[in-house]
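Presented below is the structure to which this report refers.
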Amino acid sequence: MPCSCGSWSGPVRRVAHEVLPPLAGIAGVIVVWALVAAVTTTASIPTPLAVWDALIDGLRAGTIQEAALKTLIRLAFSFVVAVVIGAGLGVALALNEFLRRAVRPIIVALQITPFVAWVPLAIVWFGISERAVVFVTIVGAFPAMALATLQAIRQVPPLYERAGRTLGARGWTLYRRIVVPAALPGMMAGLQQAWGFAWKALMAGELIVVTAGATGLGHLLAGQEHDVTALLATLGVIVALGVAVDYLVFGQLDRRIRARRGLLPDA
Amino acid sequence: MSDATATLTPPSREAGIPKLSVEGLTVERTLANGERIVAARDVSFDIDAGEFVCLLGPSGCGKTSILNVLAGLDRPSAGRALLDGSPIEGPGPDRAVLFQDPALFPWLSVRANVELALELIAVGGVDRRDRAQTALASVGLADVADAQPHELSAGMRQRAALARALACEPAVVLGDEPFGVLDAQTRELLQNEVQRAWMGSSGRTTFLFITHNVREAVLLADRVFVMSARPGRLLEEFRIHAPRPRDLDDVLIGRVVSEIHALLLRELERPGA
């Protein structure tokens, strides 16, 4: 920060440094949006205030909370499964060269394939059901975790492995106690990516696979095609939830892991 | 020479198998560009249990390659490396290695680093905690046991690595220029720590240190093996009889240091070296 804030205390300056720019960005978006809404008369661009009211209405009625909760439960389950599969696969691929040569291209192919393309197949396999949505989310998220884990393990400085072996660590113990912990900062990147992919895949799944009586933010969107204001309010909730988890959970976890190892520039 | 003797034939020793020995060891390395180089050629020596030996030579003379073979981290191209008379098949906690980088695990506190080493040799529970504490206290790190490695100075980190190595009571300590990047004062402190540790083991622990620092070698070792430039061969062996604890200001130490310096200088100026 420039010296104009020199009289502020440390934490205030930090908050100003970290929170002000993104807030200014959001404010800018709202201002532009309000201007566009003001100069156009079409109902398909409601004003920020109208969307805010719709959001409050949705929260009062409880539909948004219910949908968000259902979505988050689905997401948590799919994400955990994807991370476990991805991390396990990544370690297995790092351990075995044959497996790596055989399976890595397949995972890369899965990673490149748009997850939406899985939706029809998921419906064929699982019907219009919760399971189809969860399937799409897992398939969308695990490749990122697997590839990041493999990459992170292969980038572990050989010195740690050598030191571990001279201390008597071998085989699985070497992996569990030394290689995987050493790879953790790199695996965090995979976790964050997998989160992003899971979130996107789940929204696509919920939006398309609409079962009778199912609730979720994607389902909510699907039912709001006629109501742009409500649609934008739901979209706002989706954006806010995604960013909040990314920043508050993964961002902070990543910070702590790096700080512990002295990998933060200010540490 | 009455006290410092240059000889390549080891004097008669007690009957028995040497702790470490290499026979006709040749080590090749592949460079990043794919070129194969001979790091060390046809090196043979024996080290008795409880001896402190320093392997001294110009950089690139294959010292580290020989040490890695003894650590079980590399395989020789020819010849054999033996521990207690048996071929070395791989690394193990009976041979602690001090690398030039302390190689502490950055995700663990200093104490947890030492405790992990003990856990890996199946020391459990209260015993593990006590031994880690004792090891850290013996190198003066009791106060910073719960710090993370990156919070320590370079010298303290290398001391922590020494504590981690010694806590496991290895039969052999292999040092690959462990003090190479430290400043002169810190280096001297650590040399004294090592000297104390070796004296404290009263003949149970065998030390083999690699160094290019002549004074360090003479200060620490019972015998100093001087190697040629690459491909490294053994040139000469110096036996240091000075009593311990030794001091770098000691006249005898000084004399051997100049003698070895002269030898190394001749070796470096040798045509074709």
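Fair warning: this is a prediction, and the values are worked out from it, not measured in the lab. Quick note on labels: first sequence line is chain A, next is B, and so on, each numbered from 1. Reckoned from all heavy atoms, side chains included, excluding hydrogens, waters and symmetry mates.
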Pairwise side-chain contact, A:T166 with B:R95, heavy-atom cut-off 4.5 Å (strictly under): no
Any A:R260 side-chain heavy atom under 4.5 Å of B:H150 side chain: no
Minimum side-chain heavy-atom gap B:W107-A:L184 below 4.5 Å: no
Heavy-atom contact with chain B under 4.5 Å, split by part of A:I178: both
Gap separating the CG atom of A:L167 from the CD atom of B:E119, nearest 0.5 angstrom: 11.5 Å
B:N68 versus chain A, the contacting section by heavy-atom distance below 4.5 Å: side chain
Winner by heavy-atom pair count (cut-off under 4.5 Å) against chain A, out of B:L174, B:L116, B:I121: B:L116
Heavy atoms from other residues, nucleotides or ligands near CZ of A:R176 exceed 12 (cutoff 6.0 Å): yes
Distance, nearest 0.5 Å, that separates OH of A:Y160 from CG of B:D101: 7.0 Å
Closest-packed option against chain B by number of heavy-atom pairs under 4.5 Å, given A:G168, A:P185, A:P181: A:P181
Over 12 non-hydrogen atoms of neighbours within 6.0 angstrom of CZ in A:R100: yes
Contact winner vs chain B - A:R261, A:R165, A:R170, A:R162, heavy-atom pairs under 4.5 Å: A:R261
Greater than 12 external heavy atoms within 6.0 Å of A:R101's CZ: no
Derivation of the side-chain contact (heavy atoms from CB on, under 4.5 Å) call for B:F105 and A:R177: CA-CA 10 Å; B:F105 303 122; A:R177 300 308 306 269; over 6 Å; no
